[in-house]
Amino acid sequence: MSDAVIELRDVTKSFGDVVAVDNVSLAIEQGEFFALLGPSGCGKTTMLRMLAGFEHPTSGDVLIRGRRMNDVPPYRRDTNLVFQQLALFPHMDVRDNVAFGLRVKGRPAAEVRDRVQRVLDLVELGGLGARRTHEISGGQQQRVAIARALVNEPAVLLLDEPLGALDLKLRMQMQLELKALQRRSQTTFVYVTHDQGEALAMADRIAVMNAGRIEQVGTPEHIYTRPETRFVAHFIGDTNLFNARVVERDPGGELVLDAAGLTVRVVDSGQHAPGDEIHVSLRPEKIRIGAPQDPRPGHTATVASVIFLGPLTRYQVTAGGLSLIVQHQTESDEHFRAGDQVHLRWSPGAPVLLRG
Amino acid sequence: MLLTPALGLTALVFGAAMAILVSYSAYTFRGGRLTEEVSFSAWGKFFGDPFYWGIVAETFRLGFGVTAVALLIGFPTAYALTKIRSQRLLLFAYIVIFSPLLVSVVVRAYGWLLLLSDGGVINETLLAVGVIETPIRMIFNQFGVTIALVHILLPFMVFPILSVLLQFDATLREAAMDLGANRWQTFVRVILPLSLPGMLAGAQIVFTLAISAFVTPSLLGGGKIQVLARHIFVNVTDVNWPLAAVEAIVLLAMALAALAAFNIAGRAIQASRAAGAGRRQELPRRPDPIYAALYALLALVLAYMLAPLVIVVINSFNESAFSRFPPTGWSLRWYETVLNYAPFRDGMRNSLLIAGLSTAIVVPVGMMAALALVRSRIPLREVVRAFLLSPLIVPKVAVGIAVFILFIRLRVFGTMPSIVAAHAMLTLPFTIVLLTANLVGVNRTLEEAAMDLGAGPLRTFWKVTLPQMRAGLIVSAVFAFIVSFDETETTIFLVRPENTTLPIQMFLYIEQHQDPTLAALSTVLIVITAVVVFLTMRAVRGAEVARIISRR
């Protein structure tokens with residue numbers, strides 16, 4: 001547990017009546033690429049600022065490398081923050097910007113020169129040291145901001161939605177570069193974003209936040225395939241959410257549910273009993289759609305609408321009392337139209353039972 | 001064309017005057033009389049005689065001294081102002097710092113005389129408390145002149161620095177702290193360098209005004225402080241106009257050199273604007289000894305700005321005819337004296353007339369010029385703008401003598417219209433600056449709507465544009481009026497005894513009398529100014545004023 005480079009213990013942050021972070025506990029491992037993911041206003045930026053030292057917890061403890069940091073100002077912490085608006089110093093050129101942290105600590109000039117050049121090469125800005133910050137492109141400015149933080153070799157690098165201002169193509173390129181950079185430098189990254197695609201692509205682990213609380217922490221695959229709450233299921237990717245009642249447990253160990261008239265079989269870990277009301281999440285790509293006379297076990301449904309999305313086609317279908325979205329490969333042989341009867345099937349392991 | 005009146009006014013009065021000034025520097029002064037013989041004897045005299053170099057040096061020294069002190073006081077003051085959270089306190093601070101500008105230089109210099117002289121408030125207090133045994137000599141030397149000049153010019157230093165600080169991106173401070181810089185290092189490495197443009201702008205204005213100061217060094221220097229401006233005046237009265245012209249040109253050259261030097265320095269430290277708009281988020285503030293010190297300084301500065309005015313008002317009720325401090329008794333008789341003193345009455349009448357007429361001219365002319373500068377496509381627009389604003393850079397005394405000679409040549413010296421023309425020329429740049437700023441904020445779509453509904457250009461202007469500019473017009477008019485009313489340093493060259501203005505009468509009065517009559521008159525003027533400012537702010541709703549002024 002104390003291997004964790006960052007630990008938050010029961011941290012709460014309130015601004016007057018507003019509770020921005022609500023009793024959060026978290027441990028981040030050394031060398032991780034950790035993402036704080038959530039919609040605007042969920043408290044992720046506030047958490048990041050508490051790690052950086054610009055906010056102080058109302059209650060609870062922030063520990064960095066095992067030391068309690070609650071009252072330690074930003075300039076005495078071993079963290080560095082890449083700001084959302086970059087905050088590059090306009091009165092200095094690129095090299096002076098990057099060197100700032102080292103110079104403030106009084107490192108000798110030769111060492112500063114050396115380390116600055118190395119980190120500029122690391123972010124592939126080697127030749128641009130003498131440029132002024134308004135003379136370089138947005139993507140280059142982004143990299144200067146990262147270099148300026150990284151050159152100080154912090155225990156933790158904090159990033160506040162750093163790619164928000166970039167266009168799509170550049171953003172995707174930077175995502176790959178950041179990930180590679182993190183691996184090369186072996187620094188712990190804490191990355192705040194509202195873009196679930198970004199988090200899934202880059203992070204080793206993700207904490208999904210909502211209204212000041214952490215809903216779930218886990219690897220991208222785990223969060224995607226095994227969401228624990230409706231919020232997480234809904235926020236990450238697309239899903240079908242519905243309520244169901246447990247009818248019985250069949251001899252094979254599977255749970256039989258009644259969902260608006262549809263009989264659904266799921267695999268659970270044994271904690272549910274007949275009569276329980278539960279929430280279910282079923283990913284659209286896990287549902288197979290086929291001709292109505294398909295003999296395999298499944299459900300009949302009627303196609304309500306069809307949306308063509310290029311490589312994928314989406315069907316909105318009604319099965320029993322449920323409205324479901326099904327995702328289908330366009331290049332398959334079978335296509336359906338609104339009004340058609342179809343056959344749906346999925347494996348019992350596909351639906352996920354949610355906590356809340 | 002819209003610009004014609006403005007260009008005409010500036011070209012005829014200002015341009016012609018400057019041209020004549022140069023030509024007069026080439027005439028000769030012989031045997032105590034002016035001849036029209038062309039020679040460069042005046043130039044030779046000036047540059048040959050170390051006495052004149054001494055005057056230039058003294059002027060420079062005063063300029064540097066005043067600028068340095070103003071910078072030292074002005075920066076922390078501006079910084080403290082950005083930290084104030086209470087809107088009411090902020091407004092109060094702004095009023096205290098900036099409204100002394102509206103009170104005549106003569107009144108303020110007089111206030112400093114009361115404070116700093118041997119029998120003045122400060123000396124008497126120190127003596128009474130026992131800190132000193134003999135009065136400290138604070139007037140008739142550089143010290144007193146510097147203190148008084150800093151008082152007068154401090155708003156010009158605070159204002160540009162404040163503008164720059166208010167635009168400061170708060171995230172830059174956070175970035176510095178995140179990178180390991182503590183409060184002091186952040187201040188020195190980030191905040192200070194980025195404030196440099198504001199400090200330079202302020203220093204530029206203050207220096208230029210300081211070297212051209214006339215009234216303050218005269219009253220507080222008592223002839224011991226020989227600055228160029230004063231010497232020009234002396235030479236004019238001696239009819240040694242060529243020499244006066246030379247001195248005026250040298251003064252102008254000094255002002256231009258300073259301008260150029262500051263511009264070059266400004267370009268050298270050119271800072272690019274930070275990418276992206278800065279978030280002005282307030283960091284939660286904890287009680288901090290540094291803030292306490294800043295507020296203490298601000299309080300001192302506010303006291304400093306108010307002190308001379310307060311003393312003047314107090315002294316107006318002083319029973320003693322020698323303005324003895326502390327007052328032995330109170331009396332209202334000086335107010336009576338003011339009312340009965342003919343020169344003051346005439347001066348007031350003249351000043352009101354001149355200010356009124358010149359404002360009536362300058363506001364429409366300025367409006368037309370603003371329209372042309374903002375809306376039309378004129379060739380060399382920036383050149384035209386620079387020309388129209390150029391009277392602002394030239395030292396008032398130089399303008400004074402130049403226009404004086406021009407009027408003599410045109411045989412209109414001393415006439416009312418000539419003085420009105422001169423005042424109009426001086427206040428025009430202010431109105432142009434204020435009105436162009438205001439015009440930029442006018443919503444053009446409303447004008448298009450009016451025209452679509454059938455209103456011609458003139459109708460549209462009258463019914464749609466003008467009402468939107470109401471605030472700007474009021475402020476320009478009030479400003480032009482007050483500036484004209486208080487104008488001393490140019491006017492003193494242009495008046496005859498029969499139509500002297502009030503500030504000049506006051507100036508002459510101080511040079512001869514010691515009694516509190518002047519204090520009574522000054523108090524009346526201060527009260528009137530305060531009332532005018534208050535009414536103006538009501539008419540324009542304080543926020544509008546701040547918006548207009550901050551746009552400069």
Side-chain angles (χ1 to χ4, degrees), chain A residues 13 15-16 45 48-49 51-56 71 73-93 96-107 131-138 140-142 144-145 148-152 154 157-158 160 164-165, chain B residues 75 85 160-161 163-201 265-291:
Chain A
K13 177 65 184 174
F15 296 100
T45 299
L48 199 73
R49 285 172 68 86
L51 293 177
F54 293 111
E55 309 285 356
H56 300 278
D71 296 310
Y75 43 92
R76 293 222 208 93
R77 296 195 185 204
D78 198 7
T79 61
N80 283 120
L81 177 56
V82 179
F83 289 79
Q84 193 169 9
Q85 316 94 317
L86 304 186
L88 297 180
F89 299 122
H91 57 296
M92 302 180 192
D93 64 17
D96 288 332
N97 260 283
V98 175
F100 188 88
L102 296 175
R103 290 210 181 114
V104 152
K105 293 187 196 84
R107 307 306 304 164
R131 296 274 186 90
R132 302 211 73 95
T133 54
H134 64 281
E135 289 171 356
I136 54 181
S137 73
Q140 290 168 330
Q141 286 173 343
Q142 185 62 263
V144 173
R148 183 177 72 176
L150 262 188
V151 76
N152 304 288
L157 187 66
L158 308 167
D160 188 2
Chain B
F75 186 83
R85 305 254 224 151
I161 298 180
S163 309
V164 168
L165 284 178
L166 284 176
Q167 290 171 14
F168 188 75
D169 180 356
T171 14
L172 291 176
R173 191 197 286 122
E174 288 185 356
M177 302 221 307
D178 175 81
L179 290 163
N182 60 26
R183 313 278 300 272
W184 175 250
Q185 287 169 313
T186 306
F187 178 75
V188 170
R189 289 172 186 258
V190 179
I191 300 183
L192 206 52
L194 285 171
S195 317
L196 225 39
M199 297 200 286
L200 267 182
R267 221 157 293 160
I269 57 149
Q270 188 62 261
S272 46
R273 287 264 141 254
R279 197 171 37 122
R280 270 221 79 218
Q281 192 194 59
E282 308 290 342
L283 291 177
R285 221 161 293 148
R286 277 139 3 136
D288 199 335
I290 301 196
Y291 289 136

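A note on names: the letters A, B, ... follow the listed sequences, proteins ahead of strands, and every chain is numbered from 1.
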Chemist: With rounding to the nearest 0.5 Å, note down the distance linking CG in B/L179 to NZ in A/K105.
Modeler: 7.0 Å

Chemist: Looking at A/T79, A/L102, A/L81, which makes the most heavy-atom pairs under 4.5 Å with chain B?
Modeler: A/L81

Chemist: With side chains defined as the heavy atoms from C-beta onward, is the minimum distance between A/P90 and B/D169 less than 4.5 Å?
Modeler: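 No, every pair of side-chain atoms sits at 4.5 Å or beyond.
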
Chemist: Which atoms of A/N80 are under 4.5 Å from chain B, going by heavy atoms: the side chain, the backbone, both sets, or neither?
Modeler: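 Contact with chain B: backbone and side chain both.
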
Chemist: Considering non-hydrogen atoms only, spot the tightest contact between B/L172 and A/L88 and give its length.
Modeler: CD2-O, 3.4 Å

Chemist: How far apart are the closest heavy atoms of A/F100 and B/A181, and which atoms are they?
Modeler: CE2-CB, 3.9 Å

Chemist: Nearest 0.5 angstrom please: A/R76 CZ to B/N182 CG, how far?
Modeler: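 So the CZ of A/R76 and the CG of B/N182 are separated by 8.0 Å.
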
Chemist: To the nearest 0.5 Å, what is the distance between CZ (A/R49) and CG (B/D178)?
Modeler: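 The CG atom of B/D178 is 10.5 Å from CZ of A/R49, to the nearest 0.5 Å.
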
Chemist: CD of B/E174 to OH of A/Y75: how many Å apart, nearest 0.5 Å?
Modeler: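 If we round to the nearest 0.5 Å, B/E174:CD and A/Y75:OH are 13.5 Å apart.
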
Chemist: Between atom CZ of A/F54 and atom CE of B/M177, what is the distance when rounded to the nearest 0.5 Å?
Modeler: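 Taking CZ in A/F54 and CE in B/M177, the distance rounds to 5.5 Å.
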
Chemist: Without swapping roles, check the side chain of B/Q185 against the backbone of A/V104 for a donor-acceptor pair under 3.5 Å.
Modeler: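 It does hold such a pair.
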
Chemist: Measure distances from A/R148 to the heavy atoms of chain B and classify the residue's part below 4.5 Å as side chain, backbone, both or neither.
Modeler: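 For A/R148, heavy atoms of backbone and side chain both lie under 4.5 Å from chain B.
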
